[in-house]
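This report concerns only the one structure given below.
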Amino acid sequence: MTSTPSVARSSSKNRPLEPSTNEPSTEVSSRSSTIVDPVDRPQGPSNTEGDDDDINSEFEHEAYGPAPGEKPVDPFEVTLPLTDPENPKAWSRPFRWYITMLSALLVLNATFASSAPSGIIPQMREQFTFGSEVATLTIALFVAGYCVGPLVWGPLSEQIGRKPVFLISFLFYTGFLVGCALSPNTASILIFRFLSGTFAAAPLANSGAVMSDIWDADTRGKALALFTLAPFAGPTLGPTVTGFMAVSGVSWRWVYWLLTLFAGTCLLVTAITLPETYIPVLMVRRAQKLRKETGDERYWAPLERNKMTFRQRAKHVLGRPFIILMREPMLIAITLYMSFIYGCLYLLFEAYPIVFTQGHHFNMGFTGLTFLPIFVGGVIGVLSYLVFFNPRYERAIAAFAPHPVPPEYRLELCLWAAPTFAISFFWFGWTSYPWISYWAPIMAGVPLGTSIVFLFLGLFNYVIDAYLFVAASALSSMTVVRSLFGAGFPLFATQMYETLNPRWASTLLGCIAVLMAPIPFVLRKYGHHIRRRSKYSPTGNLPHKPPAKEEKQGEQAV
């Protein structure tokens, strides 16, 4: 049912596809819509019947304009082709790497702030006279803000652009950190921590979208690998810095003043150096400029005609991510696994003080240092991906050309990481006796950090490649559920480790990790069968094995 790209819908099941990490708002209009790949450009026209279950009808011409080779609707439709110097993908590579590092810094800021109170909990308990459970809420409520923030900041950036969202959110985020530093009572510190987390979630929702705005498919994997380290570096560095601040004798309020200075600096640097990267917004600005310079009001950009009612937008933003999650058993399994991993990471902020402060009698500063091996393991994971796994994936790209590489090839590193993650908890638990050298449980953090980075890299990329056009919705639902686990696990960690003791508590987590470890193995072997039955995966009918050389030569001849 295909003809020329400008006449009929191109089949997403058979044409080469490219993954996306950001999806535009949609609207059914009278003019022909297109299948939009938000990473690059729209790929071809699509149906406008309004079928909510047809993933192709969700992505339209009204955000990105005409596809390559497709003519604009009229001569006054503003476009921004890849060769245009204002297109973010045409900017210099050093500048794009700077934007990548700045985006990662914004994520590091948010995740660093999430775990920072763990080093000053004794001082805060003395100041406010609350119990250990309430003290844990200073971390849990911040992470709970991650459940709310992405639902707002992601869709908002698709209407007003990435940079305004960063500026608005960090302005309020910095202000709420000042509120934390000046809090006079328990209620105020908890409220300000939750609000801080909600506004700090903007980089978590949009920094990955910035990566897709500026990088082509060949480089995006490397950029995302380096970027992935930021969400794990922050939580592990937070206790180290604030732990030594606590033992140095400074007030716990200075931790929040430090976070305020960090956030304020990021706000200033973002305002001065970060350009807008979202192409639909850049086209709107070009249209406004042309109208002003020429006096001709007929110039227009696609996003200016993309309007949705409040009901449509609420369904698009709040409803669709969870509808997709509930209808996809494969996505449910991945979400539960990644949420468990994320919850375990934040659970360690309660478990490590029990093992090292109570068991080995470390002060808060040295207990904070015990988190560094997790960060080191994450660095090893990223370097291993860049040196070993990414070149293998690039060879797979050549082998499968002209078709895309099946998503299952993203899971190779998960096959190593899944058992390693479980083993790390057994290692940490059964070396946590006070009479065993503290180096033994500390070094368990290295394979733990490596496995976490491997699992997140592999499973995130798998979801993006498998769900493609609805990847942003799938990732949004995953973010909310993952944040719920990250907020909830610390609340029962202390009771679990004190009741079961560190050996059996870690063994319980290790056993649950063992039960979940087969998930990437099953997806690696049977994922292509599962994708064929999926309503939301447009990649089910693509080849899952490299084509034979004769077949490839025949395709090239044709």
Side-chain angles (χ1 to χ4, degrees), residues 109-149 169-201 234-235 237-264 343 345-354 357-358 363-365 367-368 371 483-499:
N109 184 305
T111 55
F112 178 87
S114 68
S115 64
S118 62
I120 54 171
I121 280 179
Q123 290 189 34
M124 294 178 64
R125 291 182 62 180
E126 182 179 351
Q127 171 79 32
F128 296 117
T129 64
F130 48 53
S132 59
E133 292 81 4
V134 176
T136 305
L137 285 176
T138 58
I139 296 175
L141 286 176
F142 190 96
V143 181
Y146 294 169
C147 303
V148 180
S169 61
F170 261 72
L171 178 63
F172 282 91
Y173 169 47
T174 305
F176 289 130
L177 287 174
V178 173
C180 291
L182 299 176
S183 293
N185 52 51
T186 301
S188 59
I189 187 70
L190 295 181
I191 292 172
F192 282 127
R193 282 292 288 174
F194 174 74
L195 293 174
S196 298
T198 301
F199 284 84
L237 294 176
T240 304
V241 175
T242 61
F244 276 107
M245 289 181 68
V247 299
S248 68
V250 301
S251 168
W252 62 269
R253 297 184 187 274
W254 272 106
V255 168
Y256 293 108
W257 286 122
L258 174 66
L259 296 177
T260 302
L261 292 173
F262 190 10
L345 177 65
Y346 277 89
L347 175 144
L348 295 179
F349 299 130
E350 303 299 316
Y352 268 40
I354 292 175
T357 304
Q358 298 179 17
N363 62 33
M364 293 304 296
T367 296
F371 289 92
S483 299
L484 288 173
F485 276 62
F489 272 43
L491 297 179
F492 63 78
T494 301
Q495 292 87 339
M496 183 175 76
Y497 268 77
E498 289 179 348
T499 302

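One-based numbering along the sequence shown. Just so it is clear, the values below take in all heavy atoms, side chains as well, and ignore hydrogens, waters and symmetry mates.
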**OP:** Kindly indicate, with the supporting measurements, whether the criterion side-chain contact (heavy atoms from CB on, under 4.5 Å) is fulfilled by Y173 and N109.
**Re:** CA-CA 11 Å; Y173 169 47; N109 184 305; 2.9 Å; yes

Taking all non-hydrogen atoms of both residues into account, name the closest pair between [X] and [Y] and its distance.
| X | Y | result |
| --- | --- | --- |
| L177 | S196 | N-OG, 3.9 Å |
| A200 | F142 | CB-CZ, 3.8 Å |
| C147 | S483 | SG-CB, 3.4 Å |
| T174 | G264 | OG1-N, 3.8 Å |
| S251 | Q123 | C-OE1, 3.7 Å |
| A181 | R253 | O-NH1, 2.8 Å |

When rounded to the nearest 0.5 angstrom, what is the spacing between [atom1] in [X] and [atom2] in [Y]?
| X | Y | atom1 | atom2 | result |
| --- | --- | --- | --- | --- |
| Y146 | L484 | OH | CG | 13.5 Å |
| Y346 | F485 | OH | CZ | 15.0 Å |
| Q358 | T367 | CD | OG1 | 10.0 Å |
| T111 | L345 | OG1 | CG | 9.5 Å |
| S118 | F349 | OG | CZ | 6.0 Å |
| Q495 | E133 | CD | CD | 5.0 Å |

Using atom types as modelled and distance alone, determine if a side-chain donor or acceptor of [X] lies under 3.5 Å from a backbone N or O of [Y].
| X | Y | answer |
| --- | --- | --- |
| R193 | S114 | yes |
| S188 | S183 | no |
| T494 | P490 | no |

Subject >> Non-hydrogen side-chain atoms of Y497 and L347 separated by less than 4.5 Å >> reply: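 Yes, side chains in contact.
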
**OP:** Mind telling me whether F172 and F199 have parallel, tilted or perpendicular rings, with 30° and 60° as the class edges?
**Re:**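 Geometry flag for F172 against F199: parallel rings.
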
Original post:
Considering residues at least two apart in sequence or located in another chain, which fulfil the ring-ring contact (aromatic ring centres under 6.0 Å, His included) criterion with F128?
Top reply: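 Residues passing ring-ring contact (aromatic ring centres under 6.0 Å, His included) with F128: F130, W252.
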
**OP:** Report the C-alpha separation of F112 and L259 in whole Å, then their side-chain angles, then the decisive distance to 0.1 Å, and conclude whether the side-chain contact (heavy atoms from CB on, under 4.5 Å) test is met.
**Re:** CA-CA 9 Å; F112 178 87; L259 296 177; 3.4 Å; yes

Original post:
CH2 of W257: more than 12 outside heavy atoms within 6.0 angstrom?
Top reply: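 Yes.
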
What pairs of donor and acceptor atoms, side-chain ones from residues 237-248 against any protein atom, are under 3.5 angstrom apart with sequence neighbours left out?
{"from": "T240", "atom 1": "OG1", "to": "T236", "atom 2": "O", "distance (Å)": "3.4"}
{"from": "T240", "atom 1": "OG1", "to": "G368", "atom 2": "O", "distance (Å)": "2.6"}
{"from": "T242", "atom 1": "OG1", "to": "A116", "atom 2": "O", "distance (Å)": "2.8"}
{"from": "T242", "atom 1": "OG1", "to": "G119", "atom 2": "N", "distance (Å)": "3.4"}
{"from": "T242", "atom 1": "OG1", "to": "G238", "atom 2": "O", "distance (Å)": "2.9"}
{"from": "S248", "atom 1": "OG", "to": "F244", "atom 2": "O", "distance (Å)": "3.4"}
{"from": "S248", "atom 1": "OG", "to": "M245", "atom 2": "O", "distance (Å)": "2.7"}

